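Values below: every heavy atom of this structure, side chains too, minus hydrogens, waters and symmetry copies. Quantities reported herein were computed from a predicted structural model and do not represent experimental measurements.
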Amino acid sequence: VALEVIGAGFGRTGTASLYAALNILGYKTHHMIEVPPADCLLRSDRKPAAAGGLGECQAAGRPLDWQPVLGTYNAAVDWPAVSFLEELLAICPKAKVILTLRDFDKWYDSAKSTIFAIRDVMRTIQPPPYLAPLFRNLAEMGTMTDELIWWGTFGGRFNDKQYVYEAHLAEVRRIVPPSQLLEFRVQDGWAPLCAFLGKPIPEAPFPHMNERDDF
């Protein structure tokens with residue numbers, strides 16, 4: 001694993017837009033949307049299980065095996081990477097870190113009505129045994145998001161608005177050297193991002209993806 005860029009912002013802070021922007025700049029970027037595409041019920045690969053295995057290794061105190069998840073990427077944003085920022089920096093100490101920021105109330109309302117709501121729906125799915133194999137990837141995806149996000153990141157306290165956000169920002173600022181950290185709002189567009197990464201500004205407009213209505 002040789003990451004040049006690591007995103008430190010939670011989902012719904014503009015990570016999908018950053019993902020698209022980094023790809024335009026020539027990076028091969030991992031994002032949660034790389035794990036469960038729309039046709040996940042028909043897939044036979046094991047990406048959800050591979051990502052979920054990170055949580056199992058962490059809980060058991062075993063070394064984290066990033067190769068099945070990030071081995072072909074040189075940038076990673078959103079979950080699962082954001083859950084392991086310190087571990088990723090240990091193996092990629094020169095990586096540049098981008099902390100996507102968003103107004104807290106807007107972020108919380110967006111996360112609660114999208115990714116948190118989907119999590120609640122996924123937990124209600126109980127297929128009959130003869131259909132269980134078709135839902136394997138979906139079930140593994142639910143397990144992964146529970147272990148890495150709702151428990152691993154938020155400690156089961158997502159509904160505690162005072163707990164879930166500011167502490168993360170403080171931790172990122174603590175562990176990342178200032179020279180390697182960009183605090184970035186997607187509304188700022190290409191200029192600060194390209195200056196930080198040493199890339200020319202593309203002719204294409206800065207992407208704005210995964211708005212709440214689209215989600």
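- A distance of 9.0 Å separates SG in Cys194 from NZ in Lys199, rounded to the nearest 0.5 Å.
- When side chains are defined from C-beta on, Glu171 counts as touching Glu86, because their heavy atoms get closer than 4.5 Å.
- Residues Tyr108 and Tyr165 fail the side-chain proximity criterion, which asks for heavy atoms closer than 4.5 Å.
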Practice task
Test side chain to side chain contact (heavy atoms under 4.5 Å, CB included) on Val176 and Leu85 and set out the steps.
Solution key: CA-CA 9 Å; Val176 181; Leu85 175 62; 4.2 Å; yes
Practice task
Would you check, one step at a time, whether the test side chain to side chain contact (heavy atoms under 4.5 Å, CB included) holds for Leu197 with Lys96?
Solution key: CA-CA 8 Å; Leu197 298 175; Lys96 295 187 175 182; 4.1 Å; yes
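- One N or O on the side chain of His168 and one on the backbone of Ala8 form a donor-acceptor pair closer than 3.5 Å.
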Practice task
Please step through side chain to side chain contact (heavy atoms under 4.5 Å, CB included) for the pair Arg102 and Ser110, ending with a clear verdict.
Solution key: CA-CA 11 Å; Arg102 188 177 182 184; Ser110 177; 3.5 Å; yes
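- Going from atom CZ of Phe206 over to atom CD1 of Ile201 covers 11.0 Å, rounded to the nearest 0.5 Å.
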Exercise for the section: Mind running side chain to side chain contact (heavy atoms under 4.5 Å, CB included) on Leu88 and Trp66 for me, showing each step along the way? Expected result: CA-CA 9 Å; Leu88 287 172; Trp66 283 102; 3.5 Å; yes
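- For the pair Leu22 and Ala75, the tightest heavy-atom approach, listed with the atom from each and the gap, is CD1-CB, 4.3 Å.
- Looking at every heavy atom in both residues, Ile175 comes nearest to Pro177 through O-CD, 3.7 Å.
- In this structure, Asn23 contributes its side chain and Thr29 its backbone to a donor-acceptor pair below 3.5 Å.
- To the nearest 0.5 Å, the span separating CD on Glu147 from OG1 on Thr153 amounts to 12.0 Å.
- Nearest approach of Ala76 to Leu3, heavy atoms of both residues: CB-CD1, 4.1 Å.
- Between atom CG of residue Asp109 and atom CG of residue Asp103 there is a gap of 9.0 Å, rounded to the nearest 0.5 Å.
- For Tyr19, the ring pair (Phe, Tyr, Trp, His ring centres under 6.0 Å) partners two or more places apart in sequence, or in a different chain, are His31.
- The heavy-atom pair separating Val69 from His30 by the smallest distance is O-CD2, 3.7 Å.
- Residues Leu148 and Ser83 share a closest heavy-atom pair of O-OG, 3.0 Å.
- Residue Asp78 holds its CG atom at 9.5 Å from CG of Leu18, rounded to the nearest 0.5 Å.
- Without hydrogens or angle criteria, Thr100 side chain to Phe10 main chain gives no donor-acceptor distance under 3.5 Å.
- Remark: the backbone N or O of Tyr27 is not paired with any side-chain donor or acceptor of Asn74 at under 3.5 angstrom.
- The closest side-chain heavy-atom distance from Tyr73 to Val1 is not below 4.5 Å.
- By the 4.5 Å heavy-atom criterion applied to side chains, Ile98 and Val77 are not counted as neighbours.
- The minimum heavy-atom distance between Pro207 and Ala20, with the atom names listed, is CG-CB, 3.7 Å.
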What side-chain donor-acceptor pairs closer than 3.5 Å can you find for residues 180-193, not counting sequence neighbours?
unit_1: Gln180; atom_1: NE2; unit_2: Pro93; atom_2: O; d: 3.0
unit_1: Gln180; atom_1: NE2; unit_2: Ala95; atom_2: O; d: 2.7
unit_1: Glu183; atom_1: OE1; unit_2: Arg173; atom_2: NH2; d: 3.0
unit_1: Glu183; atom_1: OE2; unit_2: Arg173; atom_2: NE; d: 2.8
unit_1: Trp190; atom_1: NE1; unit_2: Ala204; atom_2: O; d: 2.8

